[in-house]
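Positions are given from 1 along the sequence.
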Amino acid sequence: MVYVMLLAAFAFVLLVFAAAGIKIIRPYQRGLVERLGRYHSTVDPGLRLIVPVIDRMVRVDMRESVVEVPAQEVITSDNVVVSVYAVVYYEATDPRRLIYNVANFMMAVTKLAQTNLRNVIGDMQLDQALTASAMVNARLRDILDDATARWGTRGVRVEIQRIDPPPDVVNAMHNQMRAERTRRAVVTEADGGREAAIARAEGDKRAAILQAEGQKESQILQAEGEAQAVRLAAEAEGFREMTVAEGEGEAIRRVYKAIHDGKPTRDLIALKYLETLQYMADGKATKIFLPTEATALLGALGGMAELLRGTGAKANGPVRARRAATT
């Protein structure tokens, strides 16, 4: 019975000893094996066996982690005291350095971030610090990378959560922002009025140009219409005069032909002259037209006088005979 109990106790101790030597490393971890207090090896994820009591394993988390930097009072270059809140994202690159080169990594990186926040933001003015957070983050990340490389870590990024100025500075900034917005509103309104005035002027100018062009085209069309009407009237008048002249010429030719066919005597021509002069001298006209061929007119008048004398002699013969008989 004693042997059975001893055997059971030995089996239990052996089981505990074997369980102590079985280690499981997660995929995001690395294991540091120390043998008799000295670094022995670095093991990858999986099932690992160590010698209990002689060996000791330290697991190192290789995932990206975050460290929150407490509020830090910083004086900017324009003498404004601000409270800066930041966070640091890092990841382990060498588990051996991370365990053996720094005693308390969290405190070390926090103090390092606070110190460099004072240095970086202290060289900037308040407005620049509030608006250039990307530049501040980049500078802090470069500084932390250089400082933490020997600790087996890499700074992924540094983010400024917020920067809190004093209340009086915040009120002044609000007043400045309100004044700036008012100025922008006034400038925008003035620009809108100016652009509206320019647009109206351009519209009036365009309308005046179109109206002048319309009047010009209207006058041109009117002038062309009048010219066309005058040209048509002149052509009609020329056609009328030509037709009248042709009619008169034809009439003259026919009269002339009829006269020549009738073989008129000088006595008939003189009689026609006298009839024409009678119409011209009827007392209604203020001017008397005489034929330019005065010699022909005198000859005609002489012929008429001879004709009248011959006629009178013939008529006076019986009268003288009656007078002689009565005497």
Check whether Val156 and Val60 end up in the same hydrophobic cluster, where Ile, Leu, Val, Met, Phe, Trp and Tyr are linked by side-chain heavy atoms less than 4.5 Å apart.
no
Are more than 12 heavy atoms, taken from residues, nucleotides or ligands other than Met135, located less than 6.0 Å from that residue's CE atom?
yes
Going hydrophobic residue to hydrophobic residue with side-chain gaps under 4.5 angstrom, can you get from Val51 over to Leu36?
yes
Straight-line distance of Glu159 CD to Glu68 CD, nearest 0.5 Å:
13.5 Å
Keeping Asp55 on the side-chain end and Val33 on the backbone end, is there a donor-acceptor pair under 3.5 Å?
no
State, to 0.1 Å, how close Gln29 and Pro45 come at their nearest heavy-atom pair, and which atoms those are.
O-CG, 3.5 Å
For a salt bridge (Lys or Arg N to Asp or Glu O under 4.0 Å) check, start with the C-alpha distance between Glu180 and Arg184, then their side-chain angles and the critical distance, and finish with the verdict.
CA-CA 6 Å; Glu180 180 65 20; Arg184 290 181 181 178; 3.2 Å; yes
Can you tell me how far the CG atom of Asn137 sits from the CG atom of Asp142, to the nearest 0.5 Å?
11.0 Å
Would you mind telling me which of Thr153, Val66, Leu98 makes a side chain to side chain contact (heavy atoms under 4.5 Å, CB included) with Tyr90?
Thr153
Just how far is it from atom CG of Asp204 to atom CD of Gln211, taken to the nearest 0.5 Å?
11.0 Å
Is Glu202 close to Arg206 at the side-chain level, that is, under 4.5 Å between some pair of heavy atoms?
no
If you look at every heavy atom in Pro70 and Gln114, which pair is closest and at what distance?
CD-NE2, 3.4 Å
Flag if over 12 foreign heavy atoms under 6.0 Å of CD, Glu189
no
With a 6.0 Å cut-off (strictly less than), is the heavy-atom count around CE of Met242, excluding the residue itself, greater than 12?
no
Does this structure show an ion pair linking Glu237 with Arg240, if we count only N-O contacts that are shorter than 4.0 Å?
yes
How long is the gap from CZ on Arg56 to CD on Glu34, to the nearest 0.5 Å?
4.0 Å
Where do Arg154 and Thr148 land on the side-chain contact (heavy atoms from CB on, under 4.5 Å) test, with the steps shown first?
CA-CA 7 Å; Arg154 181 180 69 88; Thr148 59; over 6 Å; no
Tell me, do Asp44 and Arg30 make a side-chain contact under 4.5 Å, heavy atoms counted?
yes
Can you see which heavy atom on Pro52 is nearest to which on Gly21, and at what distance?
CG-N, 3.6 Å
Would you find a donor on one side and an acceptor on the other, under 3.5 Å apart, between the side chain of Asn101 and the backbone of Arg150?
yes
Can you tell me if Glu64 has over 12 outside heavy atoms packed within less than 6.0 Å of its CD?
yes
For Arg118, I'd like to know if atom CZ has over 12 heavy atoms of other residues, nucleotides or ligands within 6.0 Å.
yes
Would Arg178 and Asn175 satisfy side-chain contact (heavy atoms from CB on, under 4.5 Å), going step by step from the backbone distance to the final call?
CA-CA 5 Å; Arg178 189 180 301 109; Asn175 294 333; 2.9 Å; yes
Please report the closest heavy-atom contact between Pro166 and Val81, naming both atoms and the distance.
CD-O, 2.9 Å
When every non-hydrogen atom of Ile50 is compared with those of Lys23, the smallest separation belongs to CD1-CE, 3.6 Å
So Gln222 and Glu226, side-chain contact (heavy atoms from CB on, under 4.5 Å) or not? Walk me through it.
CA-CA 6 Å; Gln222 184 178 359; Glu226 292 178 355; 3.5 Å; yes
Enter the distance from Gln72:CD to Leu117:CG here, rounded to the nearest 0.5 Å.
7.0 Å
Under the criterion side-chain contact (heavy atoms from CB on, under 4.5 Å), I'd like the reasoning laid out for Val120 against Ile143: C-alpha separation, chi angles, the key distance, then a yes or no.
CA-CA 10 Å; Val120 172; Ile143 294 172; 4.1 Å; yes
Test your reading of the model: is there a side-chain donor-acceptor pair from Ser77 to the backbone of Gly122, 3.5 Å cut-off?
no
For Ser83 and Glu73, which I'm curious about, is there any donor-acceptor pair between the side chains at under 3.5 Å?
yes
Is there a chain of hydrophobic side chains (I, L, V, M, F, W, Y, each step under 4.5 Å between heavy atoms) that links Val136 to Val80?
yes
When rounded to the nearest 0.5 angstrom, what is the spacing between CE in Met57 and CD1 in Ile24?
10.5 Å
Shared hydrophobic cluster, Tyr89 / Ile160 (ILVMFWY, side-chain heavy atoms < 4.5 Å)
no
Compare every heavy atom of Val82 with every heavy atom of Pro165, then report the nearest pair and how far apart it is.
CA-CG1, 3.8 Å
Side chain Ser218, main chain Gly214, donor-acceptor under 3.5 Å
no
Linking I/L/V/M/F/W/Y whenever any side-chain heavy atoms sit under 4.5 Å apart, do Phe105 and Tyr39 land together?
yes
Should we say atom CG of Leu49 is surrounded by more than 12 heavy atoms from elsewhere, each under 6.0 Å from it?
yes
